[in-house]
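Any value given below was found using the heavy atoms of this structure, including those in side chains, with hydrogens, waters and symmetry copies removed.
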Amino acid sequence: MGSERRAVVVTHSRLRESGTVVPEAVEQLRHAGFSVKIVDNVAAPRFGCDSPRVDPDTEIVVVLGGDGTILRAAELVHCTDVPILGVNLGHVGFLAEFESFQMSEAIRRIADRDYSIEERMIAHTDVWMPGAQEPLEDWALNDITLERVDRGRMVELSIRVDDVEMSSFGCDGVIVSTPTGSTAYAFSAGGPIIWPNVKALQLVPNAAHALFARPLIIGSQSKFTLDILEESSTNGWICCDGRRQRELPKGSRVEVRESRNMLRLARLSGAPFTSRLVSKFDLPVVGWREQARKTGDVHHGQVAVSWPAAAKVVHSDDFDHCGGACVTGDTGGSEV
């Protein structure tokens, strides 16, 4: 007789109590032969402190929720080899593999061990407080943000890459993200999207008061060093994945580099990241020029005039005959 198969379901108490999806998923896992433990509303641990982890003999963690729930589940599997499978019950669900209506298929594939593993890069941070002999250590799957405590002031930061001074400025903060986090807060702040198989870190300034304050991308063997300058008018605030956070006094130093650990995501589909990107962001894959050609709204040498009624297209050569005062349509004007 084989050993007991264990699964952990991570969800939100609201979803657990208000609908049937979570109870049905748990029942299907049990029917497939799993011993199931349910975890909801995982409290954020203190910055720099270890978080509770799943038992090492757990076969898989199934996340029922959105990307925020997956970030909570990532704390439970940090420094383990236990994979995460996300079923999206939230909004975008960029990290999720399946949607809620595909639950039965997902659980069948889990039971058959019919999935592949995709490893995602994690960022590690060392925080040196003024006068400290040892750093506080933490990590992030998505991003590490260093922001201002006083919302009415700017925090003054110095930016270094591989111990070489790059820039310094006052700002609302900076975002250091992994490729996984490049579609999250960093994207909203104007950073580029980095494909998850690229080993890199990016830094995106947030409302920097500087002429040169563009996103920076470094390789995985490099590191960012952020210093909160003594002349800053406010202390800093560090936050990892929107969860583990604390205030940092002036004179603190934050170093961010690639972690030795990886997050393991269970994948049931061989679809490339580009397909996920187009689908989740609902990208218009047809540009406006191509769309115009298909619909006939714009033609070479012609001008489309938009009027409230059904306006007609006037050829540019016609302007030579009416002095540029051509009126078209069926709204009382005349067609030239």
Any L268 side-chain heavy atom under 4.5 Å of L85 side chain: yes
Residue E134 excluded, over 12 heavy atoms near CD under 6.0 Å: no
Presence of salt bridge, D126 and R253, under 4.0 angstrom: no
Nearest-0.5 Å distance, NZ of residue K223 to OG1 of residue T125: 10.5 Å
Candidate pair L277 and I193, rule side-chain contact (heavy atoms from CB on, under 4.5 Å), full reasoning: CA-CA 10 Å; L277 188 69; I193 294 175; 3.6 Å; yes
D143 side chain to G181 backbone, donor-acceptor under 3.5 Å: no
V127 side chain near F47 side chain, heavy-atom distance below 4.5 Å: yes
pair V155-C171: side-chain heavy atoms closer than 4.5 Å: yes
Minimal non-hydrogen separation, S232 against E156, with atom names: OG-N, 3.1 Å
Non-hydrogen side-chain atoms of V62 and V10 separated by less than 4.5 Å: no
Pair R120-T180, side-chain donor/acceptor within less than 3.5 Å: yes
Straight-line distance of R72 CZ to S51 OG, nearest 0.5 Å: 13.0 Å
F187: partners by ring pair (Phe, Tyr, Trp, His ring centres under 6.0 Å), with sequence neighbours left out: F281
Side chains of M103 and L64 in contact at under 4.5 Å (non-hydrogen atoms): yes
S222 and D162 side chains, donor-acceptor separation under 3.5 Å: yes
V21 with I60, same ILVMFWY side-chain cluster at under 4.5 Å: yes
Rounded distance (nearest 0.5 Å) linking atom CG of D227 with atom CD1 of I159: 8.5 Å
R151 atom CZ, over 12 foreign heavy atoms within 6.0 Å: yes
Straight-line distance of N261 CG to M121 CE, nearest 0.5 Å: 12.0 Å
D172/R148 salt bridge by N-O under 4.0 Å criterion: yes
Considering all heavy atoms, the nearest N142-A184 contact: ND2-CB, 3.8 Å
Carboxylate-amine/guanidinium contact K280 E99, below 4.0 Å: yes
Test log, rule side-chain contact (heavy atoms from CB on, under 4.5 Å), inputs R246 and M129: CA-CA 12 Å; R246 68 163 295 156; M129 308 283 276; 3.4 Å; yes
Partner set under side-chain hydrogen bond (donor to acceptor under 3.5 Å, both in side chains) for K37, not counting sequence neighbours: none
Heavy-atom closest pair, residues E75 and R53: O-CG, 4.2 Å
With sequence neighbours excluded, residues passing side chain to side chain contact (heavy atoms under 4.5 Å, CB included) with N197: W195
Pairwise ring pair (Phe, Tyr, Trp, His ring centres under 6.0 Å) hits with a residue in residues 19-42, at least two apart: none
Side-chain donor or acceptor of S233 paired with backbone N/O of M154 under 3.5 Å: yes
Sidechain-backbone polar pair: T234 side chain, D150 backbone, donor-acceptor under 3.5 Å: yes
ILVMFWY cluster, M262 and L141 together (side-chain gap under 4.5 Å): no
Ionic contact status for K250 with E230, cut-off 4.0 Å: no
Nearest-0.5 Å distance that lies between atom CG in L146 and atom CZ in F224: 13.0 Å
V256-V161 co-clustered via ILVMFWY side chain contacts under 4.5 Å: yes
Nearest heavy atoms of T58 and V82, plus distance in Å: O-CG2, 3.5 Å
From D55, V54, V77, residue fulfilling side-chain contact (heavy atoms from CB on, under 4.5 Å) relative to V8: V54
Side-chain ion pair, R257 and E255, N-O less than 4.0 Å: no
Residues which pass side-chain hydrogen bond (donor to acceptor under 3.5 Å, both in side chains) with R113, listed by chain and number, not counting sequence neighbours: E59
Approximate separation, where rounding is to 0.5 Å, of M166 CE and T225 OG1: 12.0 Å
Same cluster (ILVMFWY, side-chain, under 4.5 Å), L263 and L201: no
Minimal non-hydrogen separation, V63 against T69, with atom names: CG1-CG2, 3.5 Å
Closest heavy-atom pair and its distance - S158, L229: CB-CD2, 3.7 Å
Side chains of I238 and T145 in contact at under 4.5 Å (non-hydrogen atoms): no
Quiz: residues 205-221 side-chain donor-acceptor pairs under 3.5 angstrom, not counting sequence neighbours:
residue, atom, partner, partner atom, Å
N206, ND2, Y185, OH, 3.1

Set of residues satisfying salt bridge (Lys or Arg N to Asp or Glu O under 4.0 Å) with respect to R46, sequence neighbours excluded: none
D81: salt bridge (Lys or Arg N to Asp or Glu O under 4.0 Å) partners, not counting sequence neighbours: none
R153 atom CZ, over 12 foreign heavy atoms within 6.0 Å: no
Steps toward side-chain contact (heavy atoms from CB on, under 4.5 Å) verdict (Y115, L265): CA-CA 10 Å; Y115 55 83; L265 291 176; over 6 Å; no
Same apolar cluster (I L V M F W Y, side chains within < 4.5 Å links), L203/V164: no
Residues that A186 engages under side chain to side chain contact (heavy atoms under 4.5 Å, CB included), provided they are two or more places apart: I175, S177, Q202, V204
Contact check, side chains of P130 and S252, non-hydrogen atoms, under 4.5 Å: yes
Sequence-distant partners of D282, side chain to side chain contact (heavy atoms under 4.5 Å, CB included), two or more places apart: none
Members sharing W237's hydrophobic cluster (side chains within less than 4.5 Å): V149
Note, E258 side chain near H124 side chain (heavy atom, < 4.5 Å): no
Cationic N near anionic O, under 4.0 Å, E97 to R276: yes
Those residues that, when tested against W139, pass ring pair (Phe, Tyr, Trp, His ring centres under 6.0 Å) (two or more places apart): H78
